[in-house]
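These notes are about the structure you will find just below.
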Amino acid sequence: MFDWMAWTPVTAGFFGGIAVLLVGMAGLEVVWPTRERKGLLPIPTTRGDRLFIGLLSSAFVHLGWIALADSPVYIATILCAIWVAILLRWA
Amino acid sequence: MINKTDNNRAWLLVVPVVVLVAFSAIIPLMTVVNYSVQDIFDPQTRIFVGTEWFREALLDERLHGALGRQVLFSLMVLLIEVPLGIAIALCLPRRGPWVSFCLILLALPMLVPFNVVGTIWQIFARADIGLGGWLMTELGFDYNYTASPLDAWLTVLVMDVWHWTSLIVLLCYAGLLSIPGAYYQAAQIDGASRWAIFRYIQLPKLTNVLVIGVLLRFMDSFMIYAEPFVLTGGGPGNATTFLSQQLTTLAVGQFDLGPAAAFSLIYFLIILLICWLFYTAITHLSTR
């Protein structure tokens, strides 16, 4: 049925990860509602804002990495995971 | 004290929209992501290539050129249309029989379909049969938008200004009408100059509509396709080839689905970033 979408294991894993993140964030919101706060970033953010900023900046870091670095992309992924964790905790 | 009852069943009403968006946007976007990491020969034959298409797109000189032209075009559109729109809105009559006439006249260009605008200007700007082109030649300018990149740029810019300045005008006009008369009376008592009234009363009150106007104009100009495609076809050379047209050439002209998908995603991320910046600006301005 979804053959026309040309799935690959990597992209399936990527979207699976995003889906898990969204469901996890929605569940977390029910048991532990977010409150807007101001941390590292110059603007007050909620938990969802911080995740979005983290994911969007990670996308650009990956693009920069692909264009400029010769090292494997997973290094950028590890760096971005740390960056998103920092944002979620301290931003 | 009012007791607020949480009724989450209302969320069910959002389900049709979610389903619709999933079919019209999210599933196609997922397919684009899948395409961007594969070399697609036909529906059955495809090879996983990892980040190769992204690297190719990011290092492609033609795409750099198209992105540069696109950013320059959008900035010029904003620099011309926003001040011009505010100026026209300030000059419009506030009451009387001319109000409807002016508003309809201004709204007319926005009602014309994009490719028709391109066709109108293609004829209008031709030196042999078009009034605009003939006038420029008669005035002594060596004007030919099919041969000179500068003329082509000017024509595309003037066309966009003609098509879309009205949007800024109408937004600003609505914003100006919503300013209570008491502000002007207070300014009159203080003996404020025309400039002071604009700077300290009208402009601050226009901030919200202007942010929305700038967002709309930026996004529209950043995605412009039909008008320059019909008017100049991206030429002369590729002087007026903007991002959408470059993408179409890649995807439909050369049928390079993988590279085109990678390029679409980069384009999408740039637009997402700009939208987020504007969204953040709007929400912070309105809560301030």
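Lettering of chains follows the sequences in order, A, B, ..., and the numbering in each one begins at 1. Computed from a predicted model, the values in this text were never measured in an experiment.
- Taking all atoms of both residues into account, the shortest heavy-atom contact from B:L59 to A:A67 is CD2-O, 3.8 Å.
- More than 12 heavy atoms of other shown residues, nucleotides or ligands fall within 6.0 angstrom of atom CZ in B:F198.
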| Between B:F48 and A:T11, is a side chain to side chain contact (heavy atoms under 4.5 Å, CB included) present by the stated rule, with each step listed? | CA-CA 11 Å; B:F48 184 78; A:T11 49; 5.8 Å; no
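- Annotation for B:F222: atom CZ counts as buried by contact number, over 12 foreign heavy atoms lying within 6.0 Å.
- Looking at A:L56, only its side chain comes within 4.5 Å of chain B, counting heavy atoms on both sides.
- The environment of CZ in A:F60 is crowded: more than 12 heavy-atom neighbours from other residues, nucleotides or ligands sit within 6.0 Å.
- At a 4.5 Å heavy-atom cutoff, B:S36 makes no contact with chain A through either its backbone or its side chain.
- Taking CD1 of A:I66 as the reference point, atom CG of B:L58 lies at 6.5 Å (rounded to 0.5 Å).
- Along residues 10-33 of chain B, the residues that come nearer than 4.5 angstrom to chain A, judged on non-hydrogen atoms, are B:I27, B:M30, B:T31, B:V33 in order of number.
- Contacts with chain A were tallied for B:T51, B:V37, B:L265; B:T51 has the most, counting heavy-atom pairs under 4.5 Å.
- Using a 4.5 Å cut-off between heavy atoms, A:P9 does not touch chain B at all.
- The distance from atom CG of A:L68 to atom CZ of B:R55, rounded to the nearest 0.5 Å, is 8.5 Å.
- Residues A:I43 and B:W276 share a closest heavy-atom pair of CD1-CZ2, 4.2 Å.
- Heavy-atom pairs under 4.5 Å with chain B were tallied for A:V73, A:I53, A:D49; the largest tally goes to A:I53.
- The environment of CH2 in A:W7 is crowded: more than 12 heavy-atom neighbours from other residues, nucleotides or ligands sit within 6.0 Å.
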